[in-house]
Amino acid sequence: MREHPLATVITTDDTGFPYIAHLPLHLEVDTSGKPSMLLGHCARGNPLRDYLKQRPLALVSFMGPHAYLSPSVYTDKQRVPTWSYVAVQARVAATVFSDDDLFALFLKFLYTILSHRIFFLKFANKHFTPGNDV
């Protein structure tokens, strides 16, 4: 969740149809190191905001590293091709904040948390050339 913070948030719209949005979320832990909450930002114009206000229960999914595995990577030749992946899902109860002062403070906090990732990605992309290992 920390290494791959872009989450898929799944809830339902007003008709009960699944509604999916993608948001960067930050995992907060309590003093004992256990996960305590996910923090994120949703634009006011995003329907997700109103859906979560009306129905706060949602499913959040994080997709981690993934790769195709050919049968040739196994010594046992009876294997079939597969896709290896790491994923985490969490059932959440969302709280939507609308207080402008609290919102501004939260955005500063979120920017501080994610800014090192943004810098790294910009740096990595600037120096990436196709065909080289990353």
Side-chain angles (χ1 to χ4, degrees):
M1 294 164 84
R2 287 187 186 105
E3 292 298 317
H4 299 274
L6 184 63
T8 303
V9 181
I10 306 163
T11 187
T12 56
D13 66 14
D14 293 332
T15 67
F17 192 78
Y19 182 84
I20 297 172
H22 304 282
L23 302 174
L25 298 178
H26 171 73
L27 176 65
E28 280 289 299
V29 295
D30 63 20
T31 54
S32 67
K34 292 183 180 177
S36 61
M37 75 174 79
L38 292 167
L39 300 173
H41 167 257
C42 179
R44 287 185 178 154
N46 188 332
L48 177 69
R49 184 174 181 257
D50 291 331
Y51 297 153
L52 289 176
K53 273 183 165 180
Q54 296 165 21
R55 293 170 296 282
L57 287 180
L59 180 65
V60 177
S61 176
F62 293 85
M63 191 69 191
H66 56 92
Y68 169 78
L69 292 178
S70 166
S72 66
V73 301
Y74 298 103
T75 56
D76 173 6
K77 297 303 178 192
Q78 300 300 315
R79 304 284 180 126
V80 296
T82 190
W83 200 270
S84 181
Y85 62 91
V86 176
V88 175
Q89 293 182 354
R91 182 177 178 179
V92 299
T95 302
V96 178
F97 296 101
S98 56
D99 180 287
D100 287 339
D101 292 333
L102 180 62
F103 177 72
L105 182 62
F106 172 72
L107 279 183
K108 287 180 185 177
F109 170 73
L110 193 61
Y111 176 76
T112 301
I113 292 168
L114 296 176
S115 64
H116 75 281
R117 296 186 65 79
I118 294 166
F119 172 79
F120 174 75
L121 291 174
K122 285 182 180 176
F123 178 81
N125 288 340
K126 181 179 178 183
H127 297 285
F128 173 74
T129 55
N132 290 346
D133 292 333
V134 177

**Q** Verify, without hydrogens or angle tests, whether S36 (side chain) and E28 (backbone) share a donor-acceptor contact under 3.5 angstrom.
**A**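 Yes: the side chain of S36 pairs with the backbone of E28.
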**Q** Run Y51 and D14 through side-chain contact (heavy atoms from CB on, under 4.5 Å) and show every step you take.
**A** CA-CA 7 Å; Y51 297 153; D14 293 332; 3.9 Å; yes
**Q** Quick one, R55 with D50, criterion salt bridge (Lys or Arg N to Asp or Glu O under 4.0 Å). Give me CA distance, side-chain angles, the key distance, then yes/no.
**A** CA-CA 8 Å; R55 293 170 296 282; D50 291 331; over 6 Å; no
**Q** Are the side chain of D30 and the backbone N or O of G33 linked by a donor-acceptor pair below 3.5 Å?
**A**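 At least one qualifying donor-acceptor pair exists.
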**Q** Taking C-beta and beyond as the side chain, do L52 and T11 meet within less than 4.5 Å on heavy atoms?
**A**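 Counting from C-beta outward, L52 and T11 do come under 4.5 Å.
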**Q** Hey, what do you get for OG (S61) to CD (Q89), rounding to the nearest 0.5 Å?
**A**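 Rounded to the nearest 0.5 Å, the OG-CD separation comes to 4.5 Å.
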**Q** Can you hop from V60 to M63 via hydrophobic side chains spaced under 4.5 Å?
**A** no
**Q** Is the shortest heavy-atom distance from the side chain of L38 to the side chain of V92 under 4.5 Å?
**A**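 The answer is yes, as the side chains (C-beta and beyond) meet within the 4.5 Å cut-off.
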**Q** Do L48 and L23 touch side chain to side chain, with heavy atoms closer than 4.5 Å?
**A** yes
**Q** What I'd like to find out is whether the side chain of H4 reaches to under 4.5 Å of the side chain of F62, using heavy atoms alone.
**A** no
**Q** Ignoring hydrogens, what is the shortest heavy-atom contact between R49 and R44? Give both atom names and the distance.
**A** CD-CA, 3.7 Å
**Q** Would you indicate whether the side-chain heavy atoms of H66 and V86 approach each other to under 4.5 Å?
**A**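 No, every pair of side-chain atoms sits at 4.5 Å or beyond.
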**Q** Flag yes if L27 and V88 sit in one hydrophobic cluster, no otherwise; membership is Ile, Leu, Val, Met, Phe, Trp, Tyr, and two members link when side-chain heavy atoms are under 4.5 Å apart.
**A** yes
**Q** Is Y68 atom OH crowded by more than 12 heavy atoms from other residues, nucleotides or ligands, each under 6.0 Å away?
**A**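 Counting other residues, nucleotides and ligands, OH of Y68 exceeds 12 neighbours.
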**Q** Rounded to the nearest 0.5 Å, what separation is found between the NE2 atom of H26 and the CG atom of L39?
**A** 6.0 Å
**Q** May I ask you to check whether Y19 and N46 show a side-chain donor-acceptor distance below 3.5 Å?
**A** yes
**Q** Can you name the nearest heavy-atom pair linking L59 to R91, along with the distance?
**A**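 Closest approach of L59 to R91, heavy atoms only: CD1-N, 4.4 Å.
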**Q** Below 4.5 Å, heavy atoms only, C-beta onward: do R79 and V73 meet side chain to side chain?
**A**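 No, side chains not in contact.
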**Q** Heavy-atom distance under 4.5 Å between the side chains of P81 and S70, does that happen here?
**A**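 No, every pair of side-chain atoms sits at 4.5 Å or beyond.
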**Q** State, yes or no, whether a side-chain contact exists between Y74 and L69 at a heavy-atom distance under 4.5 Å.
**A** yes
